[in-house]
Amino acid sequence: MEHLRQALAWRWRQVERPQLWLLVGLALALLPHVGRLPWLLILPAALLLGWRLGFELKLVRLPSQMLRWLLVGLALAATWASYHTLIGRQAGVALLVIMLCLKLMEMDRPRDVAIVIGLSYFVVITVFLFDQSLLMGGYMLLVVTLLTTALTAFSRASAKLPQRANLRLAATLLAQAAPLALLLFMLFPRIPGPLWHLPSDGGSASTGLSDTMAPGNISRLSDNGAVAFRVRFAGETPPQDRLYWRGLALTHFDGRTWRNPNETRRGLDVSYDIEYTATGAPVDYTLTLEPHQRRWLFALDMPAGAPPRSRVSEDVEIIARDSVKTLRQYTLRSYTEYRLGTGSAPRDFAYLSLPSGTAPRARILARQLRAESSDDADYLQRVLDFIRQQPFYYTRRPPLLLDDPVDEFLFDNRRGFCEHYASAFTVLMRAAGLPARVMTGYQGGENNPLGDYFIVRQSDAHAWSEVWLRGRGWVRVDPTAVIPPGRVENPADLERIDPAYAARTRETPDWAKRLWRQMGFGWDRVNNAWNQWIIGYDQGAQRGFLSRLGLEDVDWQRMVGLLFGGLGLVVALIALQLFRHRPLRRDAVGEAYARFCRKLARRGLPRKPAEGAQDYSQRVIPRRPELAAQIQHITLLYQRLRYARAAPRDGLRHLKQAVRRFRP
Amino acid sequence: MSLIQRLSPARFLRGEGPEAGPGKLRQRRVFILPTRQGLLFAVILLLMLIGSINYDASLGYALTFLLAALSVVAMLHAYRNLLGLRVDTGPAEPVFCGETLRVPVSLENPAGQTRFAVSLHFAEQKAGQGRVFCDVPADSWVRVELPLSARRRGRHALPRITLATVFPLGLFRAWAYAEFDASVLVYPRPARATPLPRDSVWQTDLSGDGGQGADDFAGLRNYQPGDAPGHVHWKTLARGQGLHTKQFGGDHAEELWLDWQATAGDTEVRLSILTRWVLDADVAHYRYGLRLPGQTLPLAHDPRQRCRCLEALALFKGAEPDIITLKEYLG
Amino acid sequence: MKSHAKESLDALVAAAGRIMLGKENEIRLALACLLARGHLLIEDLPGVGKTTLAHTLARVLGLQYQRIQFTSDLLPADILGVAVFEQKSGRFRFQPGPIFAQLILADEVNRATPKAQSALLEAMEEQQVSVEGETRPLPTPFFVIATQNPASQIGTFPLPESQLDRFTLRISLGYPDLHAERELLAGEDRRKLLHDLSPVLDGTQLQALQADAGRVHAAEALLDYLQALLVFSRQSPHFAHGLSPRAGLSLLHSARAWALMAGRDHVLPEDVQTMLPHVAGHRLQAAEAGGDAQRLVALLQAVPIP
């Protein structure tokens, strides 16, 4: 065993360090793709990396030419098997990764090394296509440093240098490149939108709300603390109970699942004019949406328009042209008090349709209540009273609903999460002939006291109803809100039901929890800034930044001019710093004497580098006899200070003084 | 130097003219271009930029720009790595045709930072051949020996030396030429063992040459088994000081004329034979002289004689047109 | 003390200068070599006064003087001495050779065989001789002045590089200038003058001066300069071989002596520069086959003073 350990240690020392930097850098670059790429490709990639490492350790041989081609074929087949395509984001990345690892099997010439390192940088960028968080950015900076170290190590492989020096050099180079990179980042003209249509990816997993709603859909998110979006209000923050973040309208019901028809009508890119009357003050805000791989955007109920590259649908959803794959930031105006669709009743029977045979008991209840009510509004109120008075519970762990979810919920279990209430309520409305739809989105949010913005998390996901009443138009009704606090199982959900009550009952947590909370807010604030300034830096942000610098309406020619001017300036500054002549370090005595020599040099009597002070003075004095005494004095002092055993007292001061007074 | 001169392609190819003494690589003499790896890197950067635009990945932009900036910084570093270096060469020990000259070259780094992985080679040499790498620490000297294969006899102008570096990232290659007003001497290739011309005049000289012989008493040395009994110094033995042997200085100070006429064949063959003779005569401690058409080197035996004779052979007649400076070479 | 040293040294130079007309600088160099406890090589044509210089120095310094004429048949025993069997006592008695003196003039040292040369040079280096298995110390001070005739090459054995390195300084005398030559021609016989010359110093005074020379201060800055010279000689491509560590020591010691003669208690770069051609010249000459030692010395003298 000891023998083996020694043998391995010996082999380890034989590994060429440049290779090691590269292998480690590449492995770390690939790490974030683990779990994103299928195991069918990740495992071979890891195997190939190990193979190369084994080769460096002189344990195995590299595959032959034949075998390499065979492996290439297998890699293509595995990619095809996983994605049924070789292009697109997912498949393309997978192909790049596996081919790069295969390239490790033939990496002898400098060109191969350059290709491998270049493509490793490319792997880093592919990771950014999926994850651009601050943590990932920092992690990838480390990876880039390692890869750059590999480059430096390869470029001076001929000279034996401590590897730490390579790492330091790479870090220095990156630090020097940083200001230049920053300038490019700020001023390089941003081209909006994709250059060509992105092939759609089947495999990319979406997070957050989906375009359907079945029992359990939203309660599944109730523990998910991930950020859905962040909002910064321009003015006053609306009260908590008005913070309904409108997402998707679900109009089609099959007895269990609510669906959005628009997903199937994708080709219809017509933007509807929203006919509504604002009755309150407008609310302006900027929303930064985390990528959720879906096309719809969220807006405060009720948006006054749609941000660029998106449209408003018939049900007042905001549908983007492309699915949100990267962080998206937009500024909107909303009115929290409004009247929508007050004119004629909606013509679409979809708002009334219920699948036949479903929820028979609910239909009976609806008929009964409607008969007792004076009008539609009264009926609506009676339904809400029914929910309030019957023992309905609000729970995150609702029991399983088997045959008829609506009836079972309304009459048997009476335990559910918001989707159960919204679904059942909407069914009761439709059963009585009132046009109604389910809205999904988010409700509330958490103010970050450190950054003065709202954080809306996945756990804030919510579903409610919209009902059309004659004369009042579409009215938002949140059946969950009527449940008394005593029947809410999880105290955290009280906030949703009754914010005032929640604030009252929330015990001041112990200091550790408070600190943890504060740290959470701090971290979110950093993330928010990262999102605002780095990830969300697009054409608009660029314009805004430039106008803040006092450069309004910069066209692209001026922008390019600005960019190149700035680049030239920064490069010149770096060059100045690099090429600055660094004189050899001199002591004070030498410096004073050098000053004396410079003074004489200006009078045409420079000292030759190899000339001793004595010889110099003897050469100079006949040319300037009037300075003889001074020159002799300085020369003698200098010689004493520099060469004598014991320096004269205050010699340096005298020398400096004499040199200062010396005016040839 | 006018701008036209400064930008002339000939200058770019040749560098500055020859100069004596240490050459300092001034700003205008360092050239820089991307390497093949650098071009590849640029292509990858372009792809990264397109990808970033297409997927609207802000961090992708950031990485692309960071790497672009990195390559610009690397370019500056590569440039600086050569800038201000002082190059100097010294006389190379003459060699025989077919051998390799070792030209001493020194690099002086007067600046405060180390120059890493500077490669030196003769510009005419094929790529990768005779390339020497060195690091020059701050404010110090490094001396290297550059190999130069001696293909023809004669005195040749020292070819241009190329200093290059791909430090720090291998993306850019900075290079500079150093040309010197120096020459190297290549002796003719010595022929295979050819007996010395025994029929040449032999004479004796009374002063002797100190070689071992049997004529002049030169001193005593310790007895070694096998010494002739007649040479044992019996007196010291009688004094009880052990056995000593008398040493005698030789006296075969033969004089030898190495004559062109004594050889046959074409010029180079004859020169080869004469070269071989000079070497053999020198080793055998002969006093020898050299007779070439139109040139005679008198009899002598001292360390310089060998050099004198070999130089005369190297430069003989046909050797004249061999003095080709690089300028003529390039027209 | 130092000014006292300067006075007595000046007196010495003046006394010797009366014999060696117009050769004050060479006398000073020779003295510096002696004070540095080194040995002197004089390379010059015959008749320019090499012997006279040696003899004069011996007289003014009050040193025992021996002259050894080197010839091709000179044996080591002729230099070092032999043990002679005495009939009376029935024992061997060591008969010391001419090397047992304080100032030795080894005339035309390149005429002798390498064997004889090495006998002398080993004695120089070790300050002792080993004859017949017995080690005998040489007197102190011990100073060798060797002369070499550069013109004649026939039948000579030029000192090899390793032997030349043992000489601290090399000087050449050169022809006297017009004024000195006239005085030489018109004046008294040098040999008679030499005979009349009385010593200026005695042995102990000389040894005290040698000790003073060893105490002259060499500052860090000066050592830096000295090292820069040595490094240059080793790194510059113009030098086939650099200066040896012994050359560096010789340079330092002789520069110290030179500073003492100038009445200073510390060495200046100028002292080093003065000694440089004499310390480096013969060493480089030997090392460079066909090299131009003077050019190399000039290169060394152009090394910047740090």
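Letters A, B, ... are given to chains in the order of the sequence lines, protein chains preceding strands, and every chain is numbered from 1.
Separating the CD atom in Glu220(C) from the CZ atom in Arg642(A) is a distance of 11.0 Å, to the nearest 0.5 Å. Atom CD of Glu270(C) sits about 8.5 Å away from atom CD of Glu611(A), to the nearest 0.5 Å.
The part of Gln273(C) that comes within reach of chain A is its side chain, from C-beta onward, which places non-hydrogen atoms under 4.5 angstrom from that chain.
Among all heavy-atom pairs drawn from Val303(C) and Ala610(A), the shortest one is O-CB, 3.3 Å.
Of the candidates Val267(C), Leu268(C), Asp271(C), Leu268(C) is the only one forming a side-chain contact (heavy atoms from CB on, under 4.5 Å) with Tyr643(A).
Other residues, nucleotides and ligands contribute at most 12 non-hydrogen atoms within 6.0 Å of the CZ atom of Arg182(C). Heavy atoms of other residues, nucleotides or ligands lying less than 6.0 angstrom from CZ of Arg234(C) number more than 12. Within 6.0 Å of atom CZ in Arg619(A), more than 12 heavy atoms from other residues, nucleotides or ligands are found, so the atom counts as buried in its surroundings.
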